[in-house]
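If you scroll down you'll find the structure; I have some questions about it.
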Number of protein chains: 2
Amino acid sequence: MELYFERGYDQTTVAEIAQRAGVTSRTFFRYFVDKREVLFAGTDAVRERLVATLDTVPPDTTPLGTVRAALDAVVALIGDDHDHSRRRQQIITTHAELRERELAKLAAWSRALADGLRQRGVDEPAASLAAEVGVAVFRVAFEQWTTGPGDRSLVEVMHDSFGRIPTA
Amino acid sequence: MELYFERGYDQTTVAEIAQRAGVTSRTFFRYFVDKREVLFAGTDAVRERLVATLDTVPPDTTPLGTVRAALDAVVALIGDDHDHSRRRQQIITTHAELRERELAKLAAWSRALADGLRQRGVDEPAASLAAEVGVAVFRVAFEQWTTGPGDRSLVEVMHDSFGRIPTA
DNA sequence: GTAGCGATGGCACAATGTGACATCGGCGTG
DNA sequence: CACGCCGATGTCACATTGTGCCATCGCTAC
């Protein structure tokens with residue numbers, strides 16, 4: 001992250017990152033599958049947390065309500081450091097490779113949530129639709145939150161967006 | 001595409017593709033920014049078509065209705081060759097790099113649709129939400145259609161999914 | 001004819017990522 | 001304590017991707 005801020009993402013090589021960390025490039029690639037993956041170290045943990053939270057949701061909750069509850073729990077973890085999120089997001093959005101990776105991570109959330117819903121007895125395509133729509137709402141809320149001034153909490157913005165899910 | 005089927009995606013090098021096409025690798029990279037991009041040659045045109053279709057939708061249509069109309073028009077173009085879509089999708093879903101690129105392309109659709117909606121006077125976050133939800137529905141429907149037996153048309157599956165958009 | 005120009009080739013190069021093997025430093029077991 | 005195992009790291013060679021730069025070729029307009 002230091003280096004990405006100092007010299008920009010493209011101008012930073014894996015060799016430099018490794019050197020800064022006191023290891024060799026080879027070791028870097030043993031810890032991160034990618035050069036991109038450095039910025040997404042935490043997202044897999046978030047995904048697991050997301051799935052774990054599903055168990056705490058009452059069984060009679062609607063599919064989208066369940067997804068929303070899981071996202072709310074996770075958002076409480078992410079949403080306390082507006083500045084960090086904003087700067088990280090700035091790096092990501094200005095590089096296509098990183099945007100792609102972020103989409104992939106969110107898609108993994110969506111898949112995991114859909115799996116979880118199916119295990120709760122929700123059938124297709126309801127499970128996938130609830131998961132996809134829920135994550136879509138998160139995406140919009142998160143983008144609005146990181147680009148905004150940070151006067152409103154992420155939880156608030158999320159709540160707002162969930163209330164504005166469009167209907168045909 | 002031939003080569004990707006013959007030897008698999010990873011086992012195919014750009015040099016081989018170029019040779020099959022009777023050009024050099026250098027020329028390949030002048031036509032495609034990426035090795036991945038070969039499989040997504042058409043999606044940018046679809047995006048433009050998507051945006052162009054927005055103009056044909058009556059102004060008093062709801063945001064999501066507008067998005068749906070645009071997607072319907074585009075789906076009519078894609079949805080006639082189930083076998084081609086199925087095989088292409090099989091290659092894509094089995095390779096992380098390609099899945100990422102596909103997500104990026106769909107995200108570009110979403111962005112373009114949101115832009116179009118804003119130009120029609122829809123404000124944020126309604127525009128982004130409608131675009132994201134619409135594309136999410138498309139994603140689910142398309143996945144269901146390509147993995148299914150193909151007895152139902154894509155338009156049908158889409159219609160179905162749009163009718164099942166979850167509410168909290 | 002010739003000057004210009006777009007498309008292609010050729011070349012050198014940086015950087016990413018991987019496989020194979022060597023090395024080092026503990027750590028438990030005899 | 002000596003030994004051998006084992007996980008983490010280093011080293012090296014390598015294929016592949018992707019880019020910058022310049023040369024070349026063929027066509028077209030003047």
Side-chain angles (χ1 to χ4, degrees), chain A residues 1-45 47-48 87-108 111, chain B residues 1-45 47-48 87-108 111:
Chain A
M1 291 276 292
E2 288 175 26
L3 283 167
Y4 287 167
F5 279 121
E6 284 175 28
R7 352 171 24 126
Y9 173 76
D10 327 289
Q11 305 311 316
T12 308
T13 69
V14 171
E16 290 166 341
I17 302 175
Q19 191 181 15
R20 175 77 62 105
V23 296
T24 62
S25 311
R26 193 65 187 85
T27 298
F28 174 91
F29 284 116
R30 278 194 255 260
Y31 283 87
F32 303 99
V33 299
D34 256 359
K35 179 183 170 187
R36 311 158 201 55
E37 201 66 11
V38 189
L39 280 171
F40 300 93
T43 53
D44 289 346
R47 192 198 60 234
E48 286 162 23
R87 289 190 304 167
R88 175 173 170 279
Q89 211 58 17
Q90 178 148 9
I91 299 180
I92 292 175
T93 51
T94 51
H95 294 92
E97 312 167 30
L98 297 174
R99 257 182 336 226
E100 289 193 0
R101 180 57 50 86
E102 183 178 45
L103 291 170
K105 292 299 185 182
L106 290 177
R111 254 195 315 275
Chain B
M1 290 279 290
E2 288 175 25
L3 282 167
Y4 287 166
F5 279 122
E6 283 175 27
R7 347 168 31 122
Y9 173 77
D10 328 287
Q11 305 311 315
T12 308
T13 69
V14 170
E16 289 167 341
I17 301 176
Q19 190 181 14
R20 176 77 62 105
V23 296
T24 63
S25 311
R26 192 65 188 83
T27 299
F28 174 92
F29 283 115
R30 276 194 258 259
Y31 283 86
F32 303 99
V33 299
D34 255 1
K35 180 184 169 186
R36 314 160 201 47
E37 201 65 11
V38 189
L39 280 172
F40 300 93
T43 53
D44 289 347
R47 193 198 61 234
E48 286 163 23
R87 289 191 302 168
R88 174 173 170 281
Q89 211 58 17
Q90 177 147 13
I91 299 179
I92 292 175
T93 51
T94 51
H95 294 91
E97 311 169 30
L98 298 174
R99 262 189 326 240
E100 289 194 0
R101 180 56 51 85
E102 183 178 46
L103 291 169
K105 292 299 186 180
L106 290 178
R111 256 195 314 276

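Convention: sequence-line order gives letters A, B, ...; per-chain numbering from 1.
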Given atom NZ of B/K35 and atom P of D/dG18, what is their separation to the nearest angstrom?
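For the pair B/K35 NZ and D/dG18 P, the rounded distance is 8 Å.
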
Using modelled atom types only, decide if a donor and an acceptor are shared between the side chain of A/R88 and the backbone of A/L39 within a distance under 3.5 Å.
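Between the backbone of A/L39 and the side chain of A/R88 there is a qualifying donor-acceptor contact (under 3.5 Å).
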
What contact category does A/F28 fall into here, base, sugar-phosphate, or nothing, at under 4.0 angstrom with non-hydrogen atoms?
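Answer is nothing: A/F28 stays at 4.0 Å or more from every strand.
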
Return the value, rounded to whole Å, for the distance between atom CG of A/D34 and atom P of C/dA15.
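In whole Å, C/dA15 P lies 17 Å from A/D34 CG.
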
Atom CD of B/E97 to atom P of C/dT16: distance rounded to whole Å?
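Answer to the nearest Å: 15 Å.
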
Nearest-angstrom distance from the residue atom CZ of B/F32 to P of D/dT19:
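Nearest whole value for this atom pair: 14 Å.
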
Given atom CZ of B/R30 and atom C1' of D/dT24, what is their separation to the nearest angstrom?
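My rounded result for the distance is 12 Å.
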
Whole angstroms only, please: what is the CZ-P distance between B/F29 and C/dA14?
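Distance check: B/F29 CZ to C/dA14 P gives 18 Å.
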
Checking B/E16 against B/Q11: is there a side-chain donor and acceptor pair closer than 3.5 Å?
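B/E16 and B/Q11 do not have a side-chain donor-acceptor pair below 3.5 Å.
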
To the nearest angstrom, how far is A/R36 atom CZ from C/dG17 atom C1'?
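So the two atoms are 10 Å apart, to the nearest Å.
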
Atom pair distance, as rounded to whole Å: CG in B/D10 and C1' in C/dT18:
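So the two atoms are 13 Å apart, to the nearest Å.
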
Taking atom CD as the centre, does B/E6 end up with more than 12 heavy-atom neighbours from other residues, nucleotides or ligands that are less than 6.0 angstrom away?
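Atom CD in B/E6 is packed in, count exceeds 12.
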
Examine distances only and state if a side-chain atom of A/R99 and a backbone atom of A/T93 form a donor-acceptor pair shorter than 3.5 Å.
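Yes, because the side chain of A/R99 sits within donor-acceptor range (under 3.5 Å) of the backbone of A/T93.
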
Among D/dT16, C/dG10, C/dA15, the one nearest B/R26 by side-chain distance:
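The answer is C/dG10, which lies nearest to the side chain.
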
Ignoring backbone atoms, test whether A/Y31 places a side-chain nitrogen or oxygen under 4.0 Å from the OP1 or OP2 oxygen of D/dT9.
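Answer yes for this pair, as a side-chain N or O of A/Y31 is under 4.0 Å from OP1 or OP2.
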
Quick check on D/dT16: is either OP1 or OP2 less than 4.0 Å from any side-chain nitrogen or oxygen of B/T13?
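False: B/T13 side-chain N/O out of range (4.0 Å or more) of D/dT16 OP1/OP2.
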
With a 4.0 Å cutoff (strictly under), does any side-chain N or O of B/T24 reach OP1 or OP2 of C/dG9?
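Answer yes for this pair, as a side-chain N or O of B/T24 is under 4.0 Å from OP1 or OP2.
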
